[in-house]
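Before any comments, here is the structure.
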Amino acid sequence: MSTSLINTKLLPFNATAYHKGDFVEVSEQDLLGKWSIVFFYPADFTFVCPTELGDLADHYAQLQEMGVEVYSVSTDTHFTHKAWHDASDTIKKIEFPMIGDPTGKITRNFGVMIEEEGLALRGTFVINPEGEIKVVETHDLGIGRSANELLRKVQAAQYIATHDGEVCPASWQPGEETLAPSLDLVGKI
């Protein structure tokens, strides 16, 4: 039985990332003060992973306009991230930090480590500017994720963060009506 990470605070970490041609240090402090996505994937030089990371790279500018930073994480090293970036046209599109987690500390912090394999599950976490986890999505290794759906979830999380007392119904899109939970709605939806 697992405990949900929803509304918990980020745990401390320090790591090295490959970002825009350089190796940079990243910690949980870098995620504070803005919305963040932490996007775990099993390994570099694999099959489903580049399709997901390429899809996310294609939506990165839109996420940046929304004030969101993306951090991809695998248990590979930052050196392996650079080699993959240099070798793959799909991965060359990535402009967000690619964090190396060879010790698995960050992967374990988020509860997505496959201990027997030393790899991460496909885990996606949306974190608010206060460092609280607001969205958790975990997939088996064979199930790829959609950046479009992730974008919608971030939009919903940002909306409810600024609209106290409102909630977003299923498949909500920005500009659509929300709900204000009350006794009057019970049994009417």
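Note that this is a predicted model, so its numbers are computed, not measured. We count residues from 1, following the sequence as given.
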Shortest non-hydrogen contact from L141 to L121? CD2-CA, 3.9 Å
Under 3.5 Å: donor-acceptor pair, side chain of D55, backbone of A147: yes
If hydrophobic clusters are built by linking Ile, Leu, Val, Met, Phe, Trp and Tyr wherever their side-chain heavy atoms come under 4.5 Å apart, do I99 and L11 end up in the same one? no
Going from CG on L31 to CG on L10, what distance comes out if it is rounded to the nearest 0.5 angstrom? 5.5 Å
Hydrophobic clusters here meaning ILVMFWY residues chained together by side-chain heavy-atom distances under 4.5 Å, can you tell me if L63 and Y41 are in one? yes
Donor-acceptor contact present, side-chain N128 to main-chain G131, <3.5 Å: yes
Evaluate side chain to side chain contact (heavy atoms under 4.5 Å, CB included) for V73 paired with F39, printing each intermediate quantity in order. CA-CA 6 Å; V73 184; F39 194 85; over 6 Å; no
Under 3.5 Å, is there a donor on one side chain and an acceptor on the other for E69 and Y60? yes
For a quick test of reading the model, state the closest non-hydrogen atom pair linking S72 to L53 and the distance between them. CB-CD2, 3.8 Å
With clusters defined by side-chain heavy atoms of hydrophobic residues (ILVMFWY) lying less than 4.5 Å apart, directly or transitively, does V68 cluster with L150? yes
Taking Q158 for its side chain and M66 for its backbone only, find out whether a donor-acceptor pair lies under 3.5 Å. yes
Minimal non-hydrogen separation, F40 against R145, with atom names: O-NH2, 2.8 Å
Give the minimum heavy-atom separation between T107 and A120, together with the two atoms involved. CG2-CB, 3.6 Å
Atom pair CD1/OG of I94 and S88 - distance to nearest 0.5 Å: 8.0 Å
Can W172 and Y159 be said to form a ring pair (Phe, Tyr, Trp, His ring centres under 6.0 Å), step by step? CA-CA 11 Å; W172 175 86; Y159 184 89; 5.3 Å; yes
Should we say atom CD of E25 is surrounded by more than 12 heavy atoms from elsewhere, each under 6.0 Å from it? yes
Does T75 reach the main-chain N or O of G104 with its side chain, forming a donor-acceptor pair under 3.5 Å? no
Between H19 and E95, what is the shortest heavy-atom contact and its length? NE2-O, 2.9 Å
Scan side-chain atoms only and decide if E132 and T8 contain a donor-acceptor pair under the 3.5 Å cut-off. no
Mark yes or no for whether D22, through its side chain, and V24, through its backbone, hold a donor-acceptor pair below 3.5 Å. no
What's the spacing between I133 CD1 and F125 CZ if we round to 0.5 Å? 6.5 Å
May I ask you to decide whether E28 forms a salt bridge with K9, counting only side-chain N to carboxylate O separations under 4.0 Å? no
Is there a path of hydrophobic side-chain contacts, each under 4.5 Å between heavy atoms of I, L, V, M, F, W or Y residues, that connects I114 with V136? yes
Can you name the residues that form a side-chain hydrogen bond (donor to acceptor under 3.5 Å, both in side chains) with N109, not counting sequence neighbours? none
To the nearest 0.5 Å, what is the distance between NZ on K92 and CH2 on W84? 13.0 Å
Looking at every non-hydrogen atom in both residues, tell me the closest pair between H59 and N148 and how far apart they are. NE2-OD1, 2.9 Å
Point-to-point distance, once rounded to the nearest 0.5 Å, from NZ of K82 to CE of M98: 12.0 Å
Would S74 and D76 count as having a side-chain donor-acceptor pair, cut-off 3.5 Å? yes
Side chain to side chain contact (heavy atoms under 4.5 Å, CB included) filter on V167, not counting sequence neighbours, yields L179, P181
Does any N or O in the side chain of D30 come within less than 3.5 Å of the main-chain N or O of S27, such that one atom is a donor and the other an acceptor? yes
In chain order, what residues pass the side chain to side chain contact (heavy atoms under 4.5 Å, CB included) check against V48, with sequence neighbours excluded? T51, E52, R122
Nearest 0.5 Å, please: how far is NZ in K134 from OG in S36? 14.0 Å
When you check the gap from the basic side-chain N to the acidic O, do D101 and K105 get nearer than 4.0 Å? no
Does V126 reach the side chain of V38, with side-chain heavy atoms less than 4.5 Å apart? no
Q155 vs P174 side-chain heavy atoms within contact, under 4.5 Å: yes
Give a yes or no on whether V135 and L151 share a hydrophobic cluster (residues Ile, Leu, Val, Met, Phe, Trp, Tyr; joining criterion: side-chain heavy atoms under 4.5 Å apart). yes
Ring centres under 6.0 angstrom apart (H78, F23): yes
Taking the six-membered ring for Trp, are Y71 and F96 ring centroids under 6.0 Å apart? no
Evaluation steps, side chain to side chain contact (heavy atoms under 4.5 Å, CB included), between T16 and V26: CA-CA 6 Å; T16 304; V26 179; over 6 Å; no
